[in-house]
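Inspection log for the structure reproduced underneath, given as structure tokens.
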Amino acid sequence: MPGLAGDEFTQAVYDLVRLIPCGRVTSYGAIARCIGSAGAARRVGWALNQSFDVLPPVPAHRVVNRVGMLSGAMHFPPEAPMASQLEAEGVHIVGNQIVDLNRVFWEPWTALELTYNAEL
DNA sequence: CATCTGACCTAGT
DNA sequence: AACTAGGCCAGAT
């Protein structure tokens, strides 16, 4: 199964990120793999970069890198910093790094199950 | 047009 | 376990 191209990829990223529960996070690579484009983690970051003024809103602050670092923090608007939004949801940050990542990490394939159940 | 650079990750050594 | 190389692809230089 080849990777999605252009707008489809971007849409798939947005749809999946919108499913991340409050207080949980996931990673770029996990998202890429989940939408059938394993290895395209960088594209996920680029898509999210374009997502700030998209409706419905995309909770891009819930996406971090593999080890839990807030690698995209610098690209957030000053009035809504990434770390602040996560803290507001109960996700603790120390030095641009998520504390106890294992406890808040959300596996994207959970969304596939939800979709599957919803279609039954 | 060629090359470099990212909100990254995996696979190979 | 450390390290490298490669893949991904849109923008910037």
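Residue numbers begin at 1 in each chain, while the letters A, B, ... track the order of the sequences.
- The distance from the CG atom of Asn49(A) to the OG1 atom of Thr10(A) is 11.5 Å, given to the nearest 0.5 Å.
- At the phosphate of dC9(C), neither OP1 nor OP2 sits under 4.0 Å from any side-chain N or O atom of Arg42(A).
- Side-chain atoms of Gln85(A) never come within 3.5 Å of backbone atoms of Arg62(A) as a donor-acceptor pair (strictly under, hydrogens ignored).
- Distance alone, capped at 3.5 Å, is enough to place a donor-acceptor pair between the Ser27(A) side chain and the Ala30(A) backbone.
- Leu19(A) CG to Arg24(A) CZ: the interatomic distance, rounded to the nearest 0.5 Å, is 13.5 Å.
- Between the side chain of Thr26(A) and the main chain of Trp106(A), a donor-acceptor pair closer than 3.5 Å is present.
- Under a 3.5 Å cut-off, the side chain of Arg18(A) and the backbone N or O of Pro56(A) do form a donor-acceptor pair.
- Annotation: the span from Phe76(A) atom CZ to Leu48(A) atom CG amounts to 7.5 Å, rounded to 0.5 Å.
- Less than 4.0 Å separates DNA chain B from at least one heavy atom of each of the following residues of residues 21-34 of chain A: Ser27(A), Tyr28(A), Gly29(A), Arg33(A).
- dC8(B) sits 23 Å from dA1(C) when the P atoms are compared, rounded to a whole Å.
- Remark: Leu16(A) CG to Ile35(A) CD1 distance equals 7.0 Å, nearest 0.5 Å.
- In this structure, CZ in Phe105(A) is found 9.0 Å from CD1 in Ile20(A), a value given to the nearest 0.5 Å.
- Where DNA chain B meets chain A (any atom under 4.0 Å from a heavy atom), the bounding nucleotides read 5' to 3' are dG6(B) to dT10(B).
- Between dG6(C) and dA7(B), the distance separating the two P atoms is 23 Å to the nearest Å.
- The CG atom of Leu70(A) lies 12.0 Å from the NE2 atom of His75(A); values are rounded to the nearest 0.5 Å.
- Of the residues in residues 49-77 of chain A, those placing a heavy atom less than 4.0 Å from an atom of DNA chain B are Asn49(A), Phe52(A), Ala60(A), Asn65(A), Arg66(A), Ser71(A), Gly72(A), His75(A), Phe76(A), in numerical order.
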